[in-house]
Amino acid sequence: MHLALEQARLAAARGEVPVGAVVVGPEGVIAQAGNRTRTDNDPTAHAEVLAIRAACAVLGQDRLTGCDLWVTLEPCAMCAAAISHARIGRLYYGAADPKSGGVAQGARVFAHPQCHHAPQVYDAIDADASATLLRDFFAQRR
């Protein structure tokens with residue numbers, strides 16, 4: 001999670017919402033990213049999506065079977081769907097997202113019968129550090 005937190009800090013330094021994600025495979029870290037929605041003018045440039053895209057490019061495949069995703073904030077519904085389609089084995093996330101979460105909150109994507117694949121989910125990993133990053137970021141903007 002420390003790598004995901006570092007990606008979140010880098011995102012905040014760019015003026016992005018501080019969310020970071022890391023894809024880990026059997027051999028170690030494959031890809032990591034922080035939010036770039038504003039930088040790239042792309043509403044889909046969430047940390048999770050960017051890390052999944054990069055990992056798929058590194059491995060030369062569209063599935064990340066046997067890989068884990070570490071992310072600082074509960075993924076939104078869009079990212080949860082991408083995680084499902086990528087066949088991520090395990091999802092580890094930090095802070096819960098009552099407003100926009102798509103895993104334990106809101107849409108609960110993995111609980112739907114239409115969900116093709118649901119990863120094992122582990123929440124509240126370094127949740128305080130993740131929540132503090134977000135709280136401080138938004139406090140500076142208000």
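Only heavy atoms go into these numbers, but all of them, side chains included; no hydrogens, no water, no symmetry mates. By convention here, the first residue in the shown sequence is residue 1.
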Would a 4.5 Å heavy-atom cut-off, applied to side chains only, mark Val103 and Val109 as touching? no
Return the minimal non-hydrogen interatomic distance between Ala47 and Ala33, and the atom names on each side. CB-O, 3.6 Å
Any heavy-atom pair between the side chains of Val19 and His46 that's under 4.5 Å? no
Using a 4.5 Å cut-off between side-chain heavy atoms of Ile, Leu, Val, Met, Phe, Trp and Tyr, which other residues end up in the same hydrophobic cluster as Leu10? none
Once salt bridge (charged side-chain N to carboxylate O under 4.0 Å, His left out) is applied, what residue pairs with a partner in residues 62-85 remain, sequence neighbours excluded? Asp68-Arg90
Gap between atom CD1 of Ile30 and atom CG of Leu64 - 0.5 Å precision: 6.5 Å
Look up atom CG in Asp97 and atom OG in Ser130, then write down how far apart they are to the nearest 0.5 Å. 11.5 Å
Identify the heavy atoms of Leu73 and Ala96 that sit nearest to each other, and give their distance. CD1-O, 3.8 Å
Judged by atom type as modelled, is there a donor-acceptor pair below 3.5 Å linking the side chain of Ser84 to the main-chain atoms of Ala80? no
Whether over 12 other heavy atoms sit under 6.0 Å from Arg38 CZ: no
Where do Ala51 and Val23 come nearest, in terms of heavy atoms and distance? O-CG2, 3.7 Å
Measure the spacing between CD of Gln32 and CD of Gln7 and express it to the nearest 0.5 Å. 4.5 Å
Intermediate values then yes/no, side chain to side chain contact (heavy atoms under 4.5 Å, CB included), Tyr93 and Ile125: CA-CA 6 Å; Tyr93 70 85; Ile125 312 296; over 6 Å; no
Please tell me if the side chains of Phe138 and Val17 come closer than 4.5 Å, counting only heavy atoms from C-beta onward. yes
If we only count heavy atoms from C-beta on, is the Trp70 to Val24 side-chain gap below 4.5 Å? yes
I'd like to check the salt bridge (Lys or Arg N to Asp or Glu O under 4.0 Å) partners of Arg108; sequence neighbours left out, ordered by chain and number. none
Student check: side-chain heavy atoms of Leu133 and Leu5 closer than 4.5 Å: yes
Pairing donors with acceptors under 3.5 angstrom, does anything connect the side chains of Arg53 and Thr44? yes
On a heavy-atom basis, which atom in Ala45 and which in Leu50 lie closest, and how many Å separate them? O-CD1, 3.5 Å
If you compare all heavy atoms of Phe137 against all heavy atoms of Gly15, which two are closest, and at what distance to 0.1 Å? CZ-O, 3.8 Å
